[in-house]
S.K.: 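Encoded as structure tokens, here's the structure I'll be asking about.
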Amino acid sequence: MAATQHAQAIKQDSQDYLATALLQLLATKDLSDLTVTAVVRRAGVSRMAFYRNFTTLADVLTAHFTPIITARFDDVLAHVPQAQKLAALGDFFTDLAPTLKLAVTRGFEPVFQQIFTQNMIRFYASISWPAITPVQQKYWTTFMTAGVYQIWRDWLLAGQVESLTTIHELIADFQTGTLQALTARHATDV
């Protein structure tokens, strides 16, 4: 038992060292310019330790950011009243603005966006749905997830010119308007 716990601790340490090293290197280089060799050298671990845990450098980023982003969404889903959930997501984006900017400039935005998308699907699954079909629900969620991400991304990268309240209201209007349109369409189809 103790040996298993020790092995797990070593594995977690290796993963942490690799993530830290990779993020340090990303401060000055694009993901596409980095190699496993450079990361393991910076982390002070072997290539074997890398390949025991990951296949690609993007996997390191996914393993690092998934629990961070998921924990924030879990907090919003579990502890924030429905009417304040969108504002809480705004806080999430504001807090992670430096990371998103780094992801965009250093070429790992797809990792960040994929984790965000997975969590937004969970977020939208938690809302009360009007009388729309499961197919409409699925594609509305896909549409809104991509739209919300793009709005927050553009807002952050453009220097947050508009107020956070303005962005919240805009997204809420898009959500409400598209759901009302689907509900009205569904009512006429029935």
S.K.: Hydrophobic clustering (ILVMFWY, side-chain heavy atoms < 4.5 Å, transitive) - are Leu77 and Ile121 grouped together?
M.R.: no
S.K.: Tyr124 pairs by ring-ring contact (aromatic ring centres under 6.0 Å, His included) with which of Tyr139, Trp140, Phe73?
M.R.: Trp140
S.K.: Quick one, Tyr51 and Val36 - any side-chain contact, counting heavy atoms below 4.5 Å?
M.R.: yes
S.K.: Would you give the length of the straight line joining atom CD of Gln15 to atom CZ of Arg52, rounded to the nearest 0.5 angstrom?
M.R.: 11.0 Å
S.K.: Please name the pair of heavy atoms, one in Ala103 and one in Phe112, separated by the smallest distance, quoted to 0.1 Å.
M.R.: CB-CB, 4.3 Å
S.K.: Side chains of Leu57 and Phe50, heavy atoms from C-beta outward: is any pair under 4.5 Å?
M.R.: yes
S.K.: What heavy-atom pair brings Ala97 and Leu156 nearest, and what distance separates the two atoms?
M.R.: CB-CD2, 3.6 Å
S.K.: Hey, are the side chains of Val60 and Asn53 touching, using non-hydrogen atoms and a 4.5 Å cut-off?
M.R.: no
S.K.: Please give me the minimum heavy-atom distance between Ser46 and Val40, naming the atom from each residue.
M.R.: O-CG1, 3.8 Å
S.K.: Would you give the length of the straight line joining atom OG1 of Thr183 to atom CD of Gln136, rounded to the nearest 0.5 angstrom?
M.R.: 8.0 Å
S.K.: Could you check whether any side-chain heavy atom of Arg72 comes within less than 4.5 Å of a side-chain heavy atom of Asn119, counting everything from C-beta outward?
M.R.: no
S.K.: Would you name the heavy atoms of Leu18 and Ala49 that are closest together and state the gap between them?
M.R.: CD1-O, 4.5 Å
S.K.: Side chains of Ile69 and Leu96: does their closest heavy-atom pair fall under 4.5 Å?
M.R.: yes
S.K.: Calculate, to the nearest 0.5 Å, the distance between atoms CZ and CZ belonging to Phe116 and Phe65 respectively.
M.R.: 15.0 Å
S.K.: Quick one, Trp155 and Thr94 - any side-chain contact, counting heavy atoms below 4.5 Å?
M.R.: yes
S.K.: Rounded to the nearest 0.5 Å, how far does NZ of Lys29 lie from OG1 of Thr35?
M.R.: 8.0 Å
S.K.: Can you check side-chain hydrogen bond (donor to acceptor under 3.5 Å, both in side chains) on Thr56 and Asp59, steps first, answer last?
M.R.: CA-CA 5 Å; Thr56 67; Asp59 294 342; 3.2 Å; yes
S.K.: Looking only at heavy atoms, what is the nearest atom pair of Ile171 and Met144, with distance?
M.R.: O-CE, 4.4 Å
S.K.: So do the side chains of Arg153 and Glu109 get within less than 4.5 Å of each other, counting heavy atoms only?
M.R.: yes
S.K.: Do other residues, nucleotides or ligands put more than 12 heavy atoms under 6.0 Å from Tyr17 OH?
M.R.: no
S.K.: Taking atom CZ of Arg122 as the centre, does the number of heavy atoms from other residues, nucleotides or ligands within less than 6.0 Å exceed 12?
M.R.: yes
S.K.: Nearest 0.5 Å please: distance from the CD atom of Glu169 over to the OG atom of Ser163.
M.R.: 7.0 Å
S.K.: Can you name the one residue among Leu26, Thr28, Asp33 that meets side chain to side chain contact (heavy atoms under 4.5 Å, CB included) with Asp30?
M.R.: Asp33
S.K.: In Å, rounded to the nearest 0.5 Å, how long is the span from CG of Asp173 to OG1 of Thr178?
M.R.: 10.5 Å
S.K.: Using side-chain heavy atoms (C-beta onward) and a distance below 4.5 Å, is Leu31 in contact with Leu61?
M.R.: yes
S.K.: Should we say atom NZ of Lys101 is surrounded by more than 12 heavy atoms from elsewhere, each under 6.0 Å from it?
M.R.: yes
S.K.: On a heavy-atom basis, which atom in Val39 and which in Ala21 lie closest, and how many Å separate them?
M.R.: O-CB, 3.7 Å
